[in-house]
Q: 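For reference, the structure I am asking about is given below.
Just follow the structure's listing: the first ligand is 1, and inside any ligand the first atom is 1. Just so it is clear, the structure is predicted and the values come from calculations on it, not from any experiment.
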Amino acid sequence: MATDPLRVLVTGAAGQIGYALVPMIARGAMLGPDQPVILHMLDIEPAAEALKGVKMELVDAAFPLLKGVVATTDVVEACKGVNVAVMVGGFPRKEGMERKDVMSKNVSIYKAQASALEKHAAADCKVLVVANPANTNALILKEFAPSIPEKNITCLTRLDHNRALGQISERLNVHVGDVKNVIIWGNHSSTQYPDVNHAIVNTSGGQKPVRELVADDKWLNGEFITTVQQRGAAIIKARKLSSALSAASSACDHIRDWVLGTPKGTWVSMGVYSDGSYGIQPGLIYSFPVTCEKGEWKIEQGLKIDDFSREKMDKTAQELIEEKSLAYSCLS
Ligand SMILES: NC(=O)c1ccc[n+]([C@@H]2O[C@H](COP(=O)([O-])OP(=O)(O)OC[C@H]3O[C@@H](n4cnc5c(N)ncnc54)[C@H](O)[C@@H]3O)[C@@H](O)[C@H]2O)c1
Ligand SMILES: O=C(O)C[C@H](O)C(=O)O
C-alpha cells in the first residue's frame, strides 16, 4: 500500500544548513527510505531568488521520495499542514560573536513563527529548533504556541552528542558506530556538559566503559569536554561559517530517532522541556539523555550523577535561566 507523504518544513532553507539539509530529507535520511515527503521551504524576501534556485535543484535531482516542494516567503503557506518543522531560519553567529549577541535578533523571529505553527501546522507536528540560541528559541516558541504540546517542541543538541562520539572514537581508534551513550547535558553552548560516565564501546570482548578504555581521566575531564564545548567555535574559525553539513546530518538523526525510535539499550541527547528530572529546574529546554519509542521521547532515568557532573549540569542550567530572562527582556 502506498504511504502518504509527510510534510516537512525547513525554515531558513536558502541558508547553508538548509542547502545541506533539504537533499538529505529528500533522500530519506530523516524519515526513512520508504517515507515520501513534501518539502516546505521558508526563507525571507531577500533570499527569495536563492530559495527558488534551491527548489530548481531539488527538481533537477529527481529524488524518488520527493512528492512536492513548496518554496515560499509566506510563513502561513510554509506552515500549512506540516508534520515536522525544522526551524533553521535565523541570524547565525559570526566569528568573534557570543551566542547571546544573536539572541535579540532570533527570539522575535521565534515568537512570530510560533503563532504560525500553532495555527497552521498539523496538530501533532514535531518541532526541532536548530537556530541559535537553540534552547531559548525553542522555549520562546513553546511559550508563544501554547496549544502545541510541550513534548513536541525540542532543540538540537544531537550535533554535540555526535561530536562527543566522534572525539571518543578518534581517541580510541574505534569506529564511531561502536561508541554509544555519551550525554550532552544542558545548553547548546560552551557551557554544555558532555558526559562520558555512562558511555560504552562495543569491543570484540563485549561492551566496555569509555572511562576504562580511555584510562585518562585528566583528558576526559578536561580537554575532551572543552573540545566538544568549543567545537562550534572551532568550525567557525576554520570555515568562517558555522557548521552546516554536520548540523544538517544531526538534525536528520534527531528527527529519525524521535519518529522511528532509538535502538534498544541506546540513548541520544535531545533538548527537551524539563520536567524536573535530575534536579533541573522545570520550565527550561535542557538537553537530557532520552530514549524514543513510537514517536515519543522519554528522559532516561536513574543515572548516577557524581559531584563533578552535578556542578557542570547546574552551571549550564544557570546559563539557560539567564538566557531565558534575557530573551524576555529582548521581547518586552
Ligand atoms: N543547534 C545546532 O547544533 C546548530 C549548529 C549549527 C548552526 N546552528 C544555527 O543554525 C542557524 C542557521 O545557520 P546557517 O549557517 O544555515 O545560517 P545562514 O545564515 O546560512 O542561513 C540562515 C537562513 O535563515 C534565513 N532567515 C533569516 N530570518 C528568517 C526568518 N524570519 N524566517 C525564515 N528564514 C529566515 C536567512 O535568510 C538565511 O537564508 C544559525 O542560528 C546557527 O547559529 C545551530
Ligand atoms: O556555535 C555556533 O554558533 C555554531 C553552532 O551552534 C555549532 O555548534 O556549530
Side-chain angles (χ1 to χ4, degrees), residues 9-22 40-54 71-79 85-117 127-138 140-141 154-164 166 184 186-192 194 227-255 269-271 285 287:
L9 167 66
V10 176
T11 72
Q16 49 146 6
I17 295 177
Y19 190 70
L21 179 58
V22 290
H40 287 218
M41 303 194 298
L42 175 72
D43 214 296
I44 48 175
E45 201 47 50
E49 267 307 293
L51 189 65
K52 210 159 111 191
V54 178
T72 181
T73 55
D74 175 0
V75 68
V76 171
E77 186 187 5
C79 291
V86 187
M87 313 300 286
V88 185
F91 188 88
R93 182 164 71 126
K94 303 267 166 62
E95 193 178 1
M97 276 171 91
E98 263 308 309
R99 292 169 72 264
K100 279 176 187 160
D101 300 336
V102 294
M103 170 88 70
S104 62
K105 291 185 191 300
N106 285 306
V107 290
S108 51
I109 296 175
Y110 280 80
K111 181 181 170 191
Q113 294 186 349
S115 314
L117 275 176
V127 182
L128 166 62
V129 178
V130 176
N132 283 318
N135 302 54
T136 300
N137 286 340
I140 294 298
L141 198 154
T154 64
C155 82
L156 187 71
T157 55
R158 182 63 176 269
L159 174 55
D160 310 289
H161 182 101
N162 289 344
R163 285 168 172 163
I184 302 299
N187 199 1
H188 171 68
S189 77
S190 56
T191 67
Q192 67 178 262
T227 299
V228 177
Q229 288 173 331
Q230 298 292 337
R231 190 69 162 183
I235 303 279
I236 292 172
K237 188 156 190 288
R239 277 185 12 100
K240 314 288 176 233
L241 288 168
S242 64
S243 9
L245 83 87
S246 54
S249 176
S250 302
C252 290
D253 290 345
H254 176 113
I255 297 286
S269 302
M270 278 170 70
I285 301 265
S287 179

Q: For ligand 1, which atoms, with element, lie under 4.0 Å from some heavy atom of Ser242?
A: 7 (C), 15 (O)

Q: Check ligand 1 against Gln113 and write out every atom of the ligand that is under 4.0 Å from a heavy-atom position of the residue.
A: 30 (C), 31 (N), 32 (N), 33 (C)

Q: Go through ligand 1 atom by atom and flag the ones less than 4.0 Å from a non-hydrogen atom of Leu159.
A: 3 (O), 5 (C)

Q: Is there a heavy atom in Arg163 that sits closer than 4.0 Å to ligand 2?
A: yes

Q: Counting only heavy atoms closer than 4.0 Å, does ligand 2 sit against the backbone of Gln230, its side chain, both, or neither?
A: neither

Q: Which is closest to atom 37 (O) of ligand 1 by heavy-atom distance: Asn137, Asp43, Val10?
A: Asp43

Q: Show me which atoms of ligand 1 lie under 4.0 Å from any heavy atom of Gly12.
A: 23 (C), 24 (O), 25 (C), 33 (C), 34 (N)

Q: Show which atoms of ligand 1 fall inside a sub-4.0 Å distance from at least one heavy-atom site of Phe91.
A: 41 (O)

Q: Under 4.0 Å, heavy-atom basis, I'd like to know which part of His188 is in contact with ligand 2: side chain, backbone, both or neither.
A: side chain

Q: Judged by modelled atom types alone, do Ser246 and Arg231 share a side-chain donor-acceptor pair under 3.5 Å?
A: no

Q: Work out whether the distance between some heavy atom of Gly90 and some atom of ligand 1 is less than 4.0 Å.
A: yes

Q: For ligand 2, is there an atom lying under 4.0 Å from some heavy atom of Ile235?
A: no

